[in-house]
Amino acid sequence: MELSNILTPDAVRIIGQVTSKKRLFQKLGEIVASTYDLDAATAVEALQNRESLGPTGVGHGVALPHARISGLDKVVGAFLRIEKPLDFDAVDRQPVDLVFTLFAPLDSGVEHLKALALVSRTMRDSTICTKLRANSDPVTLHALLTDSQTTKAA
């Protein structure tokens with residue numbers, strides 16, 4: 001599994017600010033609706049339901065919201081860099097500015113977990129996060145995220 005199979009360039013965005021976690025989820029819902037032809041309201045509801053189980057802010061300014069929804073045949077993702085960090089109830093109580101969300105089919109089982117582990121490993125790399133924060137071009141952000149695996153594998 002590779003991030004380039006999960007994340008399309010159209011699903012990478014930069015936004016100035018977002019006022020709440022709910023608004024962030026709405027923005028993510030809009031992105032997956034336009035990129036992957038998913039129902040935005042269903043995506044938002046799934047993220048909110050998952051978040052109610054516990055915050056997905058993993059620390060160091062990173063959040064990994066994820067959910068399973070019907071209507072998918074594979075795991076898909078979206079990435080947002082937020083210019084004005086958002087309070088996200090992260091484990092380290094730090095605001096979040098890098099958000100990588102995943103949506104998986106309801107019956108995805110191990111594929112969902114593999115994708116989440118892959119994204120988590122990538123977003124734990126402080127060098128990658130520094131580069132993501134330093135760039136304002138979505139194409140560059142996508143390349144940084146998807147090329148990081150190729151570099152490590154070589």
Side-chain angles (χ1 to χ4, degrees), residues 1-48 50-51 54-69 72 74-104 112 114-154:
M1 178 175 292
E2 295 183 11
L3 282 180
S4 59
N5 296 331
I6 297 169
L7 182 68
T8 67
D10 290 344
V12 177
R13 309 272 173 88
I14 297 171
I15 59 173
Q17 75 176 58
V18 63
T19 56
S20 67
K21 198 184 289 191
K22 182 178 180 179
R23 295 259 188 243
L24 173 66
F25 291 165
Q26 289 171 340
K27 184 66 178 169
L28 291 168
E30 292 169 13
I31 293 169
V32 298
S34 66
T35 306
Y36 303 111
D37 200 28
L38 298 174
D39 180 68
T42 301
V44 171
E45 181 180 3
L47 288 174
Q48 289 174 328
R50 167 54 190 88
E51 198 71 16
T56 55
V58 296
H60 305 286
V62 175
L64 305 176
H66 55 280
R68 295 175 195 246
I69 59 175
L72 278 175
K74 68 174 193 163
V75 178
V76 297
F79 177 81
L80 275 179
R81 183 168 74 75
I82 307 169
E83 292 178 344
K84 184 176 180 218
L86 169 70
D87 180 19
F88 200 87
D89 301 320
V91 295
D92 63 358
R93 301 187 194 283
Q94 297 300 310
V96 163
D97 64 341
L98 302 175
V99 180
F100 199 126
T101 191
L102 288 174
F103 291 96
H112 176 94
K114 284 182 180 179
L116 193 56
L118 173 61
V119 170
S120 180
R121 275 193 310 275
T122 302
M123 298 306 293
R124 271 196 313 257
D125 185 322
S126 60
T127 302
I128 291 173
C129 288
T130 298
K131 290 177 181 179
L132 291 169
R133 290 182 172 109
N135 283 282
S136 296
D137 176 41
V139 173
T140 302
L141 297 179
H142 181 264
L144 287 167
L145 288 164
T146 57
D147 290 349
S148 65
Q149 297 170 290
T150 308
T151 305
K152 288 183 178 187

To the closest 0.5 Å, what do you measure between [atom1] ([X]) and [atom2] ([Y])?
X: Leu38; Y: Glu30; atom1: CG; atom2: CD; answer: 13.5 Å
X: Thr56; Y: Leu47; atom1: OG1; atom2: CG; answer: 8.0 Å
X: Ile82; Y: Lys27; atom1: CD1; atom2: NZ; answer: 11.0 Å
X: Asp147; Y: Thr140; atom1: CG; atom2: OG1; answer: 10.5 Å
X: Ile14; Y: Glu83; atom1: CD1; atom2: CD; answer: 6.5 Å
X: Ile69; Y: Glu45; atom1: CD1; atom2: CD; answer: 10.5 Å

Is it the case that over 12 heavy atoms from other parts of the model lie below 6.0 angstrom from the [atom1] atom of [X]?
X: Asp37; atom1: CG; answer: no
X: Arg23; atom1: CZ; answer: no
X: Gln48; atom1: CD; answer: yes

The criterion is salt bridge (charged side-chain N to carboxylate O under 4.0 Å, His left out); which residues satisfy it with Asp89, sequence neighbours excluded?
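For Asp89, the residues satisfying salt bridge (charged side-chain N to carboxylate O under 4.0 Å, His left out) (neighbours in sequence not counted) are Lys21.
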Taking only residues two or more places apart in sequence, or in another chain, which ones meet Arg124 in a salt bridge (charged side-chain N to carboxylate O under 4.0 Å, His left out)?
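Checked Arg124 against salt bridge (charged side-chain N to carboxylate O under 4.0 Å, His left out); zero matches.
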Out of Thr101, Leu141, Ile31, which one pairs with Leu80 under the side chain to side chain contact (heavy atoms under 4.5 Å, CB included) rule?
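For Leu80, the side chain to side chain contact (heavy atoms under 4.5 Å, CB included) check succeeds only for Ile31.
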Applying ring pair (Phe, Tyr, Trp, His ring centres under 6.0 Å), name anything that partners His112, two or more places apart in sequence or on another chain.
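Once residues adjacent in sequence are excluded, the partners of His112 under the ring pair (Phe, Tyr, Trp, His ring centres under 6.0 Å) criterion are His66.
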Take Tyr36 and Lys74, measure what side-chain contact (heavy atoms from CB on, under 4.5 Å) needs, and give me the verdict at the end.
CA-CA 11 Å; Tyr36 303 111; Lys74 68 174 193 163; 5.8 Å; no
Which atom of [X] lies closest to which atom of [Y], heavy atoms considered:
X: Gly59; Y: Val91; result: N-CG2, 4.0 Å
X: Ala78; Y: Leu28; result: CB-CD2, 4.4 Å
X: Met123; Y: Leu64; result: CG-CD2, 4.0 Å
X: Asp97; Y: Pro85; result: CB-CG, 4.0 Å
X: Leu7; Y: Gly77; result: CD1-O, 3.5 Å
X: Pro138; Y: Ser136; result: CD-O, 3.7 Å

Please evaluate residues Leu118 and Ile6 with respect to the criterion side-chain contact (heavy atoms from CB on, under 4.5 Å), reporting the C-alpha separation (whole Å), side-chain torsions for both, the decisive distance (0.1 Å), and the verdict.
CA-CA 10 Å; Leu118 173 61; Ile6 297 169; 4.3 Å; yes
Go through the steps to decide whether Phe88 and Glu51 satisfy the test side-chain contact (heavy atoms from CB on, under 4.5 Å), and finish with yes or no.
CA-CA 10 Å; Phe88 200 87; Glu51 198 71 16; 3.4 Å; yes
State whether the side chain of Asp125 and the backbone N or O of Thr127 hold a donor-acceptor pair below 3.5 Å, judged by distance alone.
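Checked: pair present.
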Under the 3.5 angstrom rule, does the side chain of Arg81 hit a backbone N or O of Leu132 as a donor-acceptor pair?
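Checking the backbone N and O of Leu132 against the side chain of Arg81, a donor-acceptor pair under 3.5 Å is found.
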As a quick check of understanding, evaluate side-chain contact (heavy atoms from CB on, under 4.5 Å) for Thr122 and Phe100, giving each step before the final call.
CA-CA 10 Å; Thr122 302; Phe100 199 126; over 6 Å; no
Heavy-atom side-chain contact between Val99 and Pro65 under 4.5 Å
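The answer is yes; the side chains approach within 4.5 Å.
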Test item: Val62 and Cys129 side chains (from C-beta on) under 4.5 Å apart, heavy atoms
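Yes; the side chains approach each other to less than 4.5 Å.
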Under a 3.5 Å threshold, yes or no: a donor from one side chain and an acceptor from the other, between Glu2 and Thr146?
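Judged by distance alone, the side chains do not pair up.
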